[in-house]
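Just below is one structure, and these are the notes that go with it.
All values derive from a computational prediction rather than experimental measurement. For the single chain, residues carry numbers from 1 onward in sequence order.
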Amino acid sequence: AEGQPSESKLVLGWLLDTRALTLALPSRKYTAWCAEIDDALSSKRISGGKVESLIGKLNHVAMIVPITMAFLGQLRHTERIAKARGFASLSDLARDDLTFWKIILRRAASGISLNLLSMREPTHHYRGDACDFGLGGLSRRGRAWRYQLPLELVGRASINLLEFLASVIGPWIDALEGNLPPLSCCLCEGDNVAAMRWLTHGQFAKEEHPAHHQVAKKIASVMMDSNSTLHPQYFPGVSNIVSDCLSRDFDCSDALLTKFLFHFHPDQMPRDFNIAPLPNEIICWLTSVLRLLPGKMPSSRERIRSTTLHGIVGQNSVQQWDWDMTFSSTPCHSTTESTSCSLLPMQSTAVNSAVHTWLDPFRAAVSKRPSRTFQRPSAFITAPTQPWTNLESLRSFYSVNGEPIPMQTESENTKKQSPNQSSVASGN
């Protein structure tokens, strides 16, 4: 039976469908693992061995739904307590995670496209940034947004959490506006290392667990509902200029900020750049998440605008600008036809190449992606596997890791033949 041809086969515990090109959790595993979760939720205490077994099964599922790794942290914390004391009680966050894992299991049982599991060039590209009093970001498609935090919410969240929020909003906007079709590959870039890691691996500070948990659940839900995948990537802050302006310069109107950005940073501006308000659903959600954190006294620090506009104005105390058309008040009396409404020469050429400029950092990172295979001595089979090793040529690898073996080639026979052998050869 195992040797018969079939369109679907069980491979390493997964159901591989070669016609639909999907990888799915077998139905019997889905039913059994959901029953184990229900049993854990109904118990007052759980043993260390049971938690360990459950984590192993859920980690198996996370291999094809990588964004769900963030929901294993609370269970691992419970496992450590249970192994030390024999038993442990599930916290409210751990119970919430297990309930959400039932949704993840259902998604895995329905089948994950192999296109979502392979490394490919992103179809959607987002950049975000945050400061103590605002968030901002844009997509490669040109959809830009910014949100100034209400005074009552300023100071509640750390800058890491605000950057995490900014990374989630971009894909969510496209999902709400119908611009995130199935099998999309989303690349989220930001200048905060912690926020980029949290998009797929949640390691949160205890005092901010509830808020981080809600943000991680939201981005996972958006990706699963849209049948898409997400890849985070660090983007240096000195290059993340447009998002920095969107998250800081709230004393500048949308139209004026757009003109400034096209004039000074055309290489980062998509052709269809447009700043639009956040959907009400996202604003309400942001407010509810930040209110999970304790209120703090508003900071007395002066609000610093972006480096772009700060360099133009020269000081931080500038008031709301009331000019919106030209960068000089001196009129031009040229007799020729005015071209002030056309694109600047450098703007028109750079806008056409903005899409390729956005992808350059991703392509450079992928081209240097290290190999994830390495040789480990058999004496250390229990040691942790290294995450990666640098790429090397085969010649240099074997010259360092092995002794040269002399090649044995067939040498020419230099012995003289006997008279009998020569006569026999001539007779034949």
Side-chain angles (χ1 to χ4, degrees), residues 65-71 115-131 134-147 157 159-177 179-204 211-212 214-237 239-244 246-247 268 270 273 278-279 282 285-286 289 354-355 357-366 369:
V65 194
I67 201 170
T68 59
M69 283 286 189
F71 306 102
N115 289 319
L116 300 180
L117 304 177
S118 57
M119 178 61 68
R120 55 194 176 101
E121 195 161 277
T123 59
H124 293 67
H125 201 155
Y126 307 94
R127 287 176 182 171
D129 201 1
C131 65
L135 314 172
L138 74 159
S139 68
R140 192 177 66 192
R141 190 174 54 87
R143 172 62 160 96
W145 59 274
R146 55 179 181 164
Y147 178 67
I159 188 62
N160 290 344
L161 177 56
L162 293 175
E163 296 269 8
F164 191 23
L165 287 166
S167 303
V168 171
I169 292 176
W172 191 6
I173 290 177
D174 274 356
L176 291 177
E177 296 179 351
N179 296 316
L180 195 65
L183 304 183
S184 295
C185 181
C186 303
L187 178 65
C188 288
E189 291 185 329
D191 54 16
N192 187 283
V193 177
M196 292 299 99
R197 178 173 176 78
W198 290 344
L199 285 172
T200 53
H201 297 79
Q203 295 182 358
F204 308 138
H212 288 74
Q214 292 299 321
V215 180
K217 181 185 289 187
K218 174 54 66 177
I219 188 60
S221 299
V222 169
M223 290 294 104
M224 289 192 296
D225 293 343
S226 61
N227 194 20
S228 302
T229 187
L230 180 142
H231 300 286
Q233 180 170 295
Y234 174 75
F235 190 63
S239 303
N240 198 15
I241 300 173
V242 178
S243 298
D244 183 56
L246 291 170
S247 65
Q268 293 194 21
F273 180 85
L278 283 179
I282 297 181
W285 177 80
L286 279 173
V289 168
V355 173
T357 303
W358 274 52
L359 288 173
D360 286 344
F362 170 79
R363 291 168 176 167
V366 172
R369 187 171 296 277

Would you indicate whether the side-chain heavy atoms of [Y] and [X] approach each other to under 4.5 Å?
X	Y	answer
Arg197	Val193	no
Leu135	Leu286	yes
Leu180	Ile173	no
Met196	Ser167	yes
Trp198	Val215	no
Leu138	Ser243	yes
Leu359	His125	yes

Task: For Asp174, all residues meeting salt bridge (Lys or Arg N to Asp or Glu O under 4.0 Å), sequence neighbours excluded - done: Arg141
Results of side-chain hydrogen bond (donor to acceptor under 3.5 Å, both in side chains) for [X] - residues two or more places apart only:
X	value
Lys217	Asp96
Gln214	none
Asn227	Arg107
Ser226	Ser228

Please name the pair of heavy atoms, one in [X] and one in [Y], separated by the smallest distance, quoted to 0.1 Å.
X	Y	result
Met69	Thr200	CB-O, 3.0 Å
Met223	Ile67	CG-CD1, 3.7 Å
Trp358	Gln268	NE1-O, 3.1 Å

Task: Spacing of Leu187 atom CG and Leu230 atom CG [to the nearest 0.5 Å] - done: 8.0 Å
Open item on the list: Can you list everything that forms a side chain to side chain contact (heavy atoms under 4.5 Å, CB included) with Pro181? Sequence neighbours excluded, please.
Closed with: His124, Ser184
TODO: Kindly say whether Ile219 contributes a backbone atom to a donor-acceptor pair with the side chain of Trp172 at under 3.5 angstrom?
DONE: no
